[in-house]
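Read through the structure below, which is laid out as structure tokens, and then see the notes.
Order of the sequence lines sets the chain letters (A, B, ...), proteins ahead of strands, with each chain counted from 1.
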Amino acid sequence: MTSIPELSDKTKQRGKLSRAIYDARIRSAIIQALTLFTVVALLFWLTRNTMINLQARNLSAGFGFLDVSAGFGIGFTLIPYKEGDTYLRVFAVGIMNTLLVAVVAIALSTVFGVLVGLARLSTNWIIAAVARSYVEIIRNTPLLLQIIAWYFGVFNLLPRPRQSMEITGGFVLNNRGFYLPGPVVEAGFTLWLGILAVSVIGAIALYIWAARRLERTGQSFPAILTGLGIVILVPLLAFLVLGSPLSWDMPELKGLNYVGGITVPPSFCALIVALSAYTSCFIAEIIRSGIQSVSKGQLEAAGALNLPANWTLRRVVMPQAMRVIIPPLISQYLNVTKNSSLAIAIGFPDLVSVWMNTSLNQSGRAIPIVAMTMGFYCAVSLSVSAVMNIYNKRVQLKER
Amino acid sequence: MTSDLQTFVPRPDRPPPADSAGVAAWIRKNLFSDIPNALMTLLGAYIAFTVLSAVLNWALFNAVWSADTRRECLDAVGRAGACWPGVAIWFENLIYGLYPKDQVWRINVGFLALILWMVPLWIPRVTSKIGIGLSAVMLYPFLASYFFLGGDKGVVWTGLIALGLTGFVIVWATALTETLQAKTAGAWLIDALGRANAEEKMQTRIRLLAVLAIFLLACLAVWSVSFTEVRTRFWGGLFLTLVISGIGITFSLPAGIMLALGRRSNMPVIASLSTIFIELFRSVPLITILFMFNTMLPLFMPAGTEVNQLLRAIVAVCLFASAYMAEIIRGGLQAIPNGQYEAAHSLGLTYWQTTSQVVLPQALKIMIPAIVGNFIGLFKDTTLVSIIGLFDLMNMARAIGEDTNWLGLFIEPFFVVSLIYFVFCFAMSSYSIGLEKKLATGRDTG
């Protein structure tokens with residue numbers, strides 16, 4: 001790169017300067033310097049404009065407002081919050097609500113997505129066709145439209161509390177929201193939690209031991225069944241022995257409304273239903289393509305070795321399909337987290353709604369608020385993609 | 001001897017067993033092969049029947065087709081049937097927004113021009129399809145801008161509009177000569193002038209002159225026409241949705257290509273700047289970017305600059321879409337084997353020649369499904385502009401339920417709007433599947 005081996009006469013006649021222009025290293029340095037200069041100049045110009053504008057409007061860009069009382073109420077909070085609390089508390093409430101929506105929607109959409117994905121692969125024509133229509137219809141319409149349609153078209157039109165739809169076991173649905181029994185902790189609950197944790201750890205240890213023994217001696221041990229037994233039976237026994245340390249607070253109709261238990265606002269229900277339905281379509285397609293990516297020869301080879309059907313699935317198909325399924329699945333989970341920000345359209349108090357909208361309008365501190373919101377989403381997605389990179393390196397096919 | 005030899009005449013194939021052919025066999029194999037399968041069939045048929053009958057009953061059989069207010073609908077059938085008159089009255093607004101009624105023809109002509117521009121892409125005998133497609137993406141927006149916006153046009157804008165018009169004329173001239181004479185418009189012109197034997201330089205000059213003449217004529221034409229201005233706050237409905245997503249698509253493809261090349265560049269400054277841009281815009285939700293531009297763009301600009309709200313939304317959508325597009329194209333670039341670069345280098349091609357002639361055509365071809373998928377996503381994501389107060393198709397639908405005559409009429413407009421979105425998205429995805437099959441070379445499918 002540094003020296004040009006054979007110079008033609010014409011090139012030799014050119015001056016030093018033009019030779020420098022054709023040197024790849026010098027040229028790339030010039031291009032980079034120019035780009036950097038342009039970007040820095042642009043940033044400088046933007047910052048300067050912002051400073052002038054902020055001064056003209058008597059605003060400051062600092063984070064000092066975080067200790068100030070926010071002075072507005074929030075309809076649905078996971079952590080205790082009252083009207084006089086600080087802006088920092090509002091930020092925390094928003095993050096908790098966003099994460100709650102994300103976790104619930106991820107769980108539901110995974111379960112439903114796997115079901116629909118398997119249904120699409122069914123040899124039964126009607127089941128496959130129903131699953132395919134569901135996927136095509138849901139994923140070809142905008143998510144925001146679906147959220148708003150569920151909210152205004154379904155959950156807001158439910159009957160009033162007096163004519164509520166009662167589902168067995170204390171679950172009640174009406175136009176004020178979804179009511180479900182709330183757990184009430186009683187004496188001995190911590191002990192029970194400890195027993196639960198120990199049994200889960202024991203089951204995992206058993207699984208690892210069984211896997212190692214299988215690898216060493218070839219003798220298998222029904223670790224999953226035994227483990228499930230341990231995880232279910234031991235805590236159940238402990239629960240009965242300790243005299244039910246957990247009781248349920250049932251919602252009851254008192255006067256015009258239901259009291260007690262946990263209340264979930266209609267906006268949360270609409271958001272969860274729409275997000276789960278929408279995401280489950282994409283997950284279904286991921287599952288389907290993952291399973292289809294396992295070549296037929298693998299199944300035939302497993303058949304030739306006379307592996308039982310569930311072994312073929314567990315030891316041959318799933319490990320190979322998972323390698324294709326996991327990366328896009330994780331990016332769908334990230335999408336759910338980002339899409340939960342659409343909550344603002346129906347007034348559910350997630351991070352964007354309480355922080356980037358209400359708090360920003362109240363305090364006027366656009367720059368710190370926007371920076372904090374984007375910082376949260378960046379932190380979530382960068383940490384998830386860091387974990388993903390490690391996983392990808394581990395499961396990558398080792399070729400050649 | 002030879003006459004005694006019997007030649008072997010195979011008997012005609014026997015028909016397949018009666019129970020393995022025909023409709024009955026298909027039904028048995030795919031629907032009732034064993035008892036669990038039969039149960040699944042019944043379950044599937046039950047689900048399909050329930051959903052279909054509910055939708056049809058609501059939308060067609062129990063629907064109200066003429067009424068003046070929602071109350072009349074509710075009195076007639078309650079919630080059991082749809083109330084279509086409200087949607088019918090608002091339908092024009094769903095499509096054109098609040099665009100002045102006497103100017104709506106401009107939108108129609110504008111989109112007709114786009115369709116006409118694209119028609120040659122489907123004529124089999126037209127050969128310069130890539131050029132026509134590129135011109136539709138790069139030049140049509142200038143032509144459309146004046147139809148949609150109108151008003152006072154300065155010298156520069158006149159030139160740009162005329163450029164769009166010139167592109168349109170040349171596209172159709174090319175399409176006509178290629179269909180009828182099987183040669184490009186330039187070659188036809190030179191033949192017609194009887195200069196087929198002239199020097200290369202002379203021919204180029206003739207072609208340039210012809211383009212210049214068309215451009216000047218176009219300038220004159222543009223100069224003589226003037227439309228009244230329609231401010232962007234009257235834009236809305238499907239029209240606005242198409243404008244935002246169209247600009248987003250037009251911008252995101254070239255910008256995404258540049259960002260992807262930048263990220264893979266071996267110049268550290270450019271690579272890191274591209275990476276920061278892509279990762280930042282991909283890790284935050286679109287709504288936060290829209291909010292950011294909505295509240296912060298006025299702060300970023302010199303004091304006193306007015307930034308149109310539509311423009312703010314469009315800038316946000318464009319940057320967001322190009323970050324996503326960049327990652328898709330990078331995926332395609334990574335799939336190109338190193339041997340292709342080495343072969344291009346050994347032929348002495350420069351970086352830009354290698355990129356544009358060897359690498360990008362292959363990379364884009366692999367990524368067509370993902371690129372179209374991204375376009376579909378962008379089209380759906382334009383609904384988010386309703387949150388910052390623009391009246392796109394979805395927000396228009398929502399406005400119907402807030403009209404005093406049709407208070408609470410939400411499901412019907414949402415149903416119609418979903419159908420519109422579905423038709424657009426499904427058409428795009430079907431087209432991409434078709435294109436993928438057409439472009440697949442034997443090597444890839446084997």
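- When heavy atoms are compared at a cutoff of 4.5 Å, A:I369 does not approach chain B at all.
- Closest of all the heavy-atom pairs between B:A45 and A:I126 is N-CG2, 3.5 Å.
- A donor-acceptor contact shorter than 3.5 Å is absent between the side chain of B:K380 and the backbone of A:L145.
- Counting only distance, with no hydrogens or angles, the side chain of A:K338 and the backbone of B:R282 share a donor-acceptor pair below 3.5 Å.
- Contacts of B:R79 with chain A are made by side-chain atoms alone, with heavy-atom separations under 4.5 Å and no backbone atom involved.
- The shortest heavy-atom contact between B:V269 and A:Q32 is N-OE1, 2.9 Å.
- Put simply, the side chain of A:N140 never gets that close to the backbone of B:Y421: no donor and acceptor are under 3.5 Å apart.
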Step-by-step side chain to side chain contact (heavy atoms under 4.5 Å, CB included) determination, A:T141 to B:C425: CA-CA 8 Å; A:T141 40; B:C425 296; over 6 Å; no
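- Taking CG from B:N294 and CG from A:L360, the interatomic distance works out to 10.5 Å, rounded to the nearest 0.5 Å.
- Contact of B:L384 with chain A is made through backbone and side chain together, with heavy-atom distances under 4.5 Å.
- To the nearest 0.5 Å, atoms CZ (B:F422) and CD1 (A:I137) are separated by 6.0 Å.
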I would like to know whether B:L299 and A:N49 meet side chain to side chain contact (heavy atoms under 4.5 Å, CB included); could you show each step before the answer? CA-CA 7 Å; B:L299 288 179; A:N49 284 337; over 6 Å; no
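- Neither the backbone nor the side chain of B:P413 comes within less than 4.5 Å of any heavy atom of chain A.
- Remark: B:C83 engages B:C73 in a disulfide bond (SG atoms under 2.5 Å apart) (not counting sequence neighbours).
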